[in-house]
Number of protein chains: 2
Amino acid sequence: MSRPDLERLGAVYPRYLNAVVLHGLATAQAVGLGATDLYAIGALTFEGRMTSGELAAKTGLTTGATTRLIDRLEQRGLVRRVPDPADRRRVLVEAVEDEAVDLDDTLAPAREKLGAVFASCSPEQIAALTEHFERATPAFHEAIEAIRKAE
Amino acid sequence: MSRPDLERLGAVYPRYLNAVVLHGLATAQAVGLGATDLYAIGALTFEGRMTSGELAAKTGLTTGATTRLIDRLEQRGLVRRVPDPADRRRVLVEAVEDEAVDLDDTLAPAREKLGAVFASCSPEQIAALTEHFERATPAFHEAIEAIRKAE
DNA sequence: GGTAATATCTGCATGAAAGCAGAGAATGTT
DNA sequence: AACATTCTCTGCTTTCATGCAGATATTACC
């Protein structure tokens with residue numbers, strides 16, 4: 001791979017990441033949630049129900065703070081507490097589908113604009129992007145883990 | 001473009017974005033900054049000096065809150081206030097290079113892991129990714145603007 | 001030159017998020 | 001059956017980012 005290509009990527013990529021994060025912050029603020037709360041909803045939506053403790057690990061919060069986080073989300077009807085039948089100390093938390101309406105509205109502009117970006121891609125480009133996202137996602141999660149361990 | 005391709009992208013992409021945002025949050029926390037503060041540094045680094053008011057517009061904060069944001073960053077030596085010679089009401093803010101050492105360390109894991117992801121791409125894939133990032137960045141910024149207007 | 005508009009800063013107040021330490025409930029371990 | 005461990009929750013406290021409204025300084029307009 002030629003050097004100019006990599007240089008261009010190196011210039012573009014940080015700005016891109018910055019924009020993604022800022023969009024996340026703006027979204028959270030628009031729906032009246034903290035950024036961590038918004039992430040938690042995402043995690044619950046994408047990965048399904050999990051225990052309070054698992055959510056604490058994912059968010060990097062203490063278990064106490066996580067209880068409060070779940071309280072907040074439950075009060076807004078975005079999330080539901082379900083007792084774990086197998087271990088009654090545990091609480092399973094699951095996202096309430098259909099209740100994230102305003103969140104959906106807030107994400108609409110991004111969906112629209114990025115939809116346009118993707119729509120003008122060739123199938124080969126879509127394939128390349130999909131593969132990248134698939135590989136980058138675990139990379140970010142590993143980096144998160146490394147960051148937290150280093151603290 | 002075939003439907004299965006788009007479905008796969010639709011499944012992967014939200015998780016990817018979630019991971020990026022979470023990484024941003026974890027990074028901010030690791031260096032002891034708020035998420036907004038971290039974004040501000042990025043904006044100043046990538047776009048160069050700007051006035052306090054411009055920074056307020058970019059972050060979505062009031063000018064008062066932005067003054068405090070600059071105070072915080074200045075106290076840590078990450079940012080510098082420079083009087084605008086053309087208009088002495090204004091204050092230009094610029095990132096202090098070389099001072100973001102711990103931030104660099106915190107970003108190191110992501111750089112490494114994502115570097116590996118990019119390194120195993122063909123030149124064509126790199127080109128597709130770079131082009132995507134270039135087009136997605138303004139799309140996100142437009143979406144941010146739309147979100148804030150809708151509020 | 002005098003008044004209005006603009007840009008940043010300050011004081012004050014508030015709300016919200018998170019940590020910590022201990023309580024309560026359930027499970028496992030010997 | 002007793003004890004230790006695990007999981008979530010609660011009370012309390014602290015920290016901190018942010019808004020708001022007014023103060024101050026500078027520039028623009030008439």
Side-chain angles (χ1 to χ4, degrees), chain A residues 21-22 24-41 43-44 49-76 78-94 147-148 151, chain B residues 21-22 24-44 49-76 78-94 148 151:
Chain A
V21 175
L22 182 63
L25 296 181
T27 303
Q29 201 206 345
V31 296
L33 288 174
T36 308
D37 299 35
L38 187 62
Y39 165 74
I41 293 178
L44 291 169
R49 53 163 59 166
M50 67 184 74
T51 70
S52 173
E54 287 171 318
L55 191 58
K58 281 191 181 298
T59 55
L61 298 177
T62 61
T63 62
T66 303
T67 296
R68 298 282 155 63
L69 184 155
I70 300 170
D71 288 346
R72 289 194 294 273
L73 298 181
E74 200 177 32
Q75 264 186 330
R76 302 201 190 202
L78 294 168
V79 135
R80 188 187 304 131
R81 278 183 166 97
V82 178
D84 184 340
D87 183 340
R88 302 201 328 258
R89 290 170 302 185
R90 289 196 268 200
V91 170
L92 294 172
V93 190
E94 61 183 22
I147 290 171
R148 291 194 181 142
E151 257 182 288
Chain B
V21 175
L22 183 63
L25 296 180
T27 302
Q29 201 206 347
V31 296
L33 289 173
T36 308
D37 301 34
L38 187 61
Y39 166 74
I41 293 179
L44 291 169
R49 53 163 59 165
M50 67 186 72
T51 68
S52 173
E54 288 171 317
L55 192 57
K58 281 191 181 298
T59 55
L61 297 177
T62 61
T63 62
T66 303
T67 297
R68 298 282 155 65
L69 183 154
I70 300 170
D71 288 346
R72 288 193 294 273
L73 298 181
E74 200 177 32
Q75 264 186 330
R76 303 198 190 202
L78 294 168
V79 136
R80 189 186 302 130
R81 276 184 167 93
V82 179
D84 184 340
D87 184 340
R88 298 195 338 255
R89 289 170 300 184
R90 289 197 269 200
V91 171
L92 294 172
V93 190
E94 61 184 21
R148 290 192 181 145
E151 257 184 290

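The figures that follow rest on heavy atoms only: side chains count, while hydrogens, waters and symmetry mates do not. Throughout, a chain's letter reflects where its sequence line sits, starting with A, and its residues are numbered from 1. Fair warning: this is a prediction, and the values are worked out from it, not measured in the lab.
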Does A:Ser52 reach a base, just sugar-phosphate, or nothing at all? Heavy atoms under 4.0 Å. sugar-phosphate
Rounded to whole Å, how long is the line connecting atom CZ of A:Arg88 with atom P of C:dG28? 11 Å
Where the side chain of B:Leu61 is defined as all heavy atoms beyond and including C-beta, which of D:dG19, D:dT8, C:dT8 is the nearest nucleotide? D:dG19
Rounded at 0.5 Å granularity, tell me how far CG in A:Asp87 sits from OG1 in A:Thr51. 9.5 Å
Would you mind reading off the distance between B:Leu73 atom CG and D:dT18 atom C1', rounded to a whole angstrom? 15 Å
Rounded to whole angstroms, how far apart are CZ on A:Arg76 and C1' on C:dA16? 11 Å
Please report the distance, rounded to the nearest Å, between CG in B:Leu69 and P in C:dT8. 13 Å
Check each of A:Val82, A:Leu44, A:Leu73 against A:Val93 using the side-chain contact (heavy atoms from CB on, under 4.5 Å) test, and report the only one that passes. A:Leu44
Let me know the distance between CG of B:Leu25 and C1' of C:dA18, rounded to the nearest Å. 14 Å
Any side-chain N or O of B:Thr51 below 4.0 angstrom from OP1/OP2 of C:dT8? yes
The residue, A:Ala86 or B:Thr67, whose nearest nucleotide of DNA chain C is more 5′ is B:Thr67
Quick check: on DNA chain D, is the nucleotide nearest A:Arg90 upstream (toward 5') of the one nearest B:Gly60, or the reverse? Name the residue that is more 5'. A:Arg90
N-O pairing of B:Glu74 and B:Arg80 below 4.0 Å: no
Between A:Thr36 and C:dA18, does any side-chain N or O lie under 4.0 Å from OP1 or OP2? yes
Quick note, B:Arg68 side chain, CB onward, closest among C:dC9, C:dC12, D:dC7 is C:dC12
Return yes if the base of C:dT8 and the side-chain atoms of B:Arg89 contain a donor-acceptor N/O pair under 3.5 Å, otherwise no. no
Just how far, in rounded Å, is P of C:dA7 from CE of B:Met50? 16 Å
Base, sugar-phosphate or nothing for A:Gly53? Non-hydrogen atoms, less than 4.0 Å. sugar-phosphate
Roughly how many Å is it from CG in A:Asp87 to P in C:dT29, rounded to a whole number? 12 Å
So, is A:Thr62 close to the C:dG19 phosphate, meaning a side-chain N or O under 4.0 Å from OP1 or OP2? yes
Does any N or O in the side chain of B:Gln75 come within less than 3.5 Å of the main-chain N or O of B:Arg72, such that one atom is a donor and the other an acceptor? no
Give a yes or no on whether a salt bridge exists between B:Arg68 and B:Asp37, defined as a side-chain N under 4.0 angstrom from a carboxylate O. no
Over how many whole Å does the gap from B:Asp84 atom CG to D:dA25 atom P extend? 18 Å
Under-3.5 Å donor-acceptor pair between A:Arg72 side chain and C:dG15 base: no
Using OP1 and OP2 only, check whether a side-chain N or O of A:Arg81 sits under 4.0 Å from D:dC9. yes
